[in-house]
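Protein chains get the first letters and strands the later ones, always in sequence-line order, with residue 1 at the start of each.
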There are 2 protein chains.
Amino acid sequence: MKLSEGVEWAIHACALLAAVPPRAALPTRKLAEFFDLPLAYLAKHLQRLSNAGIVIARKGPRGGYALARPAREISLLDIVEAIEGRSPCFSCTEIRRRGPSGAPATAYRRPCGIARAMWKAEKAWRAELARVSLREIQAMGLAETPAAQVKKATAWMETALS
Amino acid sequence: MKLSEGVEWAIHACALLAAVPPRAALPTRKLAEFFDLPLAYLAKHLQRLSNAGIVIARKGPRGGYALARPAREISLLDIVEAIEGRSPCFSCTEIRRRGPSGAPATAYRRPCGIARAMWKAEKAWRAELARVSLREIQAMGLAETPAAQVKKATAWMETALS
DNA sequence: TATAAACGGATGAAATTTGTCCATAACAGA
DNA sequence: TCTGTTATGGACAAATTTCATCCGTTTATA
């Protein structure tokens with residue numbers, strides 16, 4: 001049960017995009033540079049964010065990515081689902097129907113109780129992720145980062161956008 | 001973010017073991033037969049349950065597996081962790097320290113806010129799993145299974161133990 | 001028109017999951 | 001004590017998924 005590393009990349013990328021001034025955009029190349037990540041692979045993840053409508057892409061010179069809506073309206077769940085997909089972590093293969101005491105699907109009244117319990121837990125996980133906005137993530141990042149680094153990052157952003 | 005199929009197998013196996021009378025034990029071969037699963041691989045998962053102390057193993061003829069404690073005292077979380085391990089789903093690779101505005105670990109006051117948020121959600125998931133006992137799973141199984149199948153399973157169990 | 005950027009398909013490498021096999025140890029019953 | 005049965009754990013193989021790169025195409029800007 002492992003989340004792909006891309007989730008971490010995507011959240012960090014979105015948090016950085018939250019700091020981009022309105023109308024401006026950061027290209028993949030700059031994002032990869034900021035986090036020292038492989039450009040081509042990061043691009044794949046950004047495409048997913050784009051397809052999910054979390055981020056808008058502008059092609060051509062001075063193009064790049066920007067948040068599609070205010071950071072307050074983007075949740076961690078949005079980002080996680082954009083990268084990992086929306087299918088449940090636990091998939092029920094209907095083991096109960098197999099073996100000597102099994103029966104065809106029509107025989108059972110409800111979905112398997114095991115699956116229901118697992119899905120309920122998953123729901124709690126998603127609910128918790130949905131409660132956290134990118135805005136809060138951004139604020140936490142600012143609070144935990146030393147002033148010197150914040151300054152560096154701000155300076156970097158200016159040259160990246162110019 | 002996928003749970004291994006072994007989790008499903010393990011929970012079903014434990015639920016069946018919960019129906020085994022005291023002092024008796026079900027060998028891997030019988031469990032594999034009941035669920036129509038590959039014996040050798042199922043054995044691996046049962047070993048994990050054994051190592052985790054959820055199940056006790058008895059070697060030799062008339063041996064096999066039995067629950068190590070009452071079903072009421074075994075949670076879904078116990079089983080999931082026995083199979084999947086206890087390490088967090090989200091692993092923080094500290095990408096905030098990389099790139100042009102990064103700094104060594106000592107510079108940061110707290111763990112990364114992104115990781116904290118992800119871990120909090122994970123905690124909610126685990127808490128939900130911890131709330132469900134094998135006893136409840138067993139009861140749900142009984143409620144959702146047609147009487148004919150329950151009968152078949154009971155008969156199967158008798159011959160399996162004789 | 002030249003350039004910079006996203007897009008998406010193809011492909012390859014690495015890691016993980018899934019699954020088998022076997023040698024060994026432990027145990028019950030004859 | 002002997003025999004057959006079972007768990008244990010290591011080695012190994014196959015399949016799947018994740019990680020990563022490359023390239024041709026499209027789109028937009030100056």
Side-chain angles (χ1 to χ4, degrees), chain A residues 1-10 13 17 20 23-33 35-66 68 82-85 87 89-91 93 95 160-162, chain B residues 1-10 13 17 20 23-33 35-66 68 82-85 87 89-91 93 95 160-162:
Chain A
M1 233 278 285
K2 218 66 176 58
L3 257 54
S4 85
E5 215 178 348
V7 170
E8 191 186 5
W9 298 7
L17 288 180
V20 170
R23 305 190 184 290
L26 266 187
T28 310
R29 189 170 43 80
K30 285 295 172 188
L31 282 161
E33 178 192 309
F35 295 117
D36 190 23
L37 295 174
L39 185 140
Y41 194 30
L42 175 61
K44 288 287 183 226
H45 295 305
L46 293 172
Q47 269 178 55
R48 288 198 176 204
L49 293 175
S50 174
N51 285 330
I54 292 168
V55 131
I56 43 172
R58 283 216 326 260
K59 291 182 176 177
R62 315 275 303 179
Y65 292 100
I83 303 299
E84 290 281 329
S87 58
C89 309
F90 179 87
S91 69
T93 62
I95 282 188
L161 295 175
S162 65
Chain B
M1 231 271 293
K2 218 66 177 56
L3 257 55
S4 86
E5 216 179 346
V7 169
E8 191 185 6
W9 298 7
L17 289 180
V20 171
R23 304 190 184 290
L26 266 187
T28 310
R29 188 170 43 79
K30 285 294 173 188
L31 283 161
E33 179 192 310
F35 295 117
D36 190 21
L37 295 174
L39 185 141
Y41 194 31
L42 175 62
K44 288 285 183 230
H45 295 305
L46 293 171
Q47 271 178 52
R48 289 200 173 201
L49 293 174
S50 174
N51 285 330
I54 292 168
V55 131
I56 43 173
R58 282 211 331 256
K59 291 182 177 179
R62 317 276 301 180
Y65 293 99
I83 303 298
E84 290 280 330
S87 57
C89 310
F90 179 87
S91 69
T93 62
I95 70 181
L161 295 175
S162 65

A.B. asks: Could you tell me how far apart A:Leu17 (CG) and C:dA6 (C1') are, to the nearest whole angstrom?
C.D. replies: 14 Å

A.B. asks: Distance check needed: C:dA5 C1' versus A:Leu31 CG, whole Å only.
C.D. replies: 13 Å

A.B. asks: C:dG8, OP1 or OP2 - any side-chain N/O from A:Asn51 closer than 4.0 Å?
C.D. replies: yes

A.B. asks: Side chains of residues 3-10 of chain B: which donor-acceptor pairs under 3.5 Å do they make with residues two or more places apart or in other chains?
C.D. replies:
from, atom 1, to, atom 2, distance (Å)
B:Ser4, OG, B:Gly6, N, 3.3
B:Ser4, OG, B:Glu84, OE2, 3.1
B:Glu8, OE1, A:Thr93, N, 3.3
B:Glu8, OE1, A:Thr93, OG1, 2.8
B:Glu8, OE2, A:Thr93, N, 2.8
B:Glu8, OE2, A:Thr93, OG1, 3.2

A.B. asks: List the steps, then state whether side chain to side chain contact (heavy atoms under 4.5 Å, CB included) holds for B:Met1 with A:Lys2.
C.D. replies: CA-CA 5 Å; B:Met1 231 271 293; A:Lys2 218 66 176 58; over 6 Å; no

A.B. asks: What is the distance from CG of A:Leu46 to P of D:dT21, rounded to the nearest Å?
C.D. replies: 14 Å

A.B. asks: Heavy-atom distance under 4.5 Å between the side chains of B:Leu26 and B:Leu161, does that happen here?
C.D. replies: yes

A.B. asks: Rounded to the nearest 0.5 Å, what's the gap from CD1 on A:Ile95 to CG on B:Asp36? Could you check?
C.D. replies: 10.0 Å

A.B. asks: What is the distance from CD1 of A:Ile83 to C1' of D:dT18, rounded to the nearest Å?
C.D. replies: 13 Å

A.B. asks: Among D:dA7, C:dG8, C:dA6, find the nucleotide with the atom closest to the side chain of A:Gln47.
C.D. replies: C:dG8

A.B. asks: Just list the side-chain donor-acceptor pairs under 3.5 Å for residues 45-60 of chain B, sequence neighbours left out, or say none.
C.D. replies:
from, atom 1, to, atom 2, distance (Å)
B:Arg48, NH1, B:Ile83, O, 2.6
B:Asn51, ND2, B:Gln47, O, 3.4
B:Arg58, NH1, B:Arg23, O, 3.2
B:Arg58, NH2, B:Arg62, O, 2.9

A.B. asks: List the protein contact pattern of nucleotides 15-30 of chain C with one symbol per nucleotide (5' to 3'): B for base contact, S for sugar-phosphate-only contact, - for none; contact means a heavy-atom distance under 4.0 Å.
C.D. replies: ---BBB-----SBB--

A.B. asks: Expressed in angstrom and rounded to an integer, what is the separation of A:Arg48 atom CZ from C:dA6 atom P?
C.D. replies: 17 Å

A.B. asks: Tell me: CD1 of A:Ile56 to C1' of D:dA28, nearest whole Å?
C.D. replies: 14 Å

A.B. asks: Any side-chain N or O of A:Ser50 below 4.0 angstrom from OP1/OP2 of C:dC7?
C.D. replies: yes

A.B. asks: For B:Ala43, what residues pass the side chain to side chain contact (heavy atoms under 4.5 Å, CB included) criterion, not counting sequence neighbours?
C.D. replies: B:Thr28

A.B. asks: How many Å lie between NZ on A:Lys30 and C1' on C:dA5, as a whole number?
C.D. replies: 13 Å

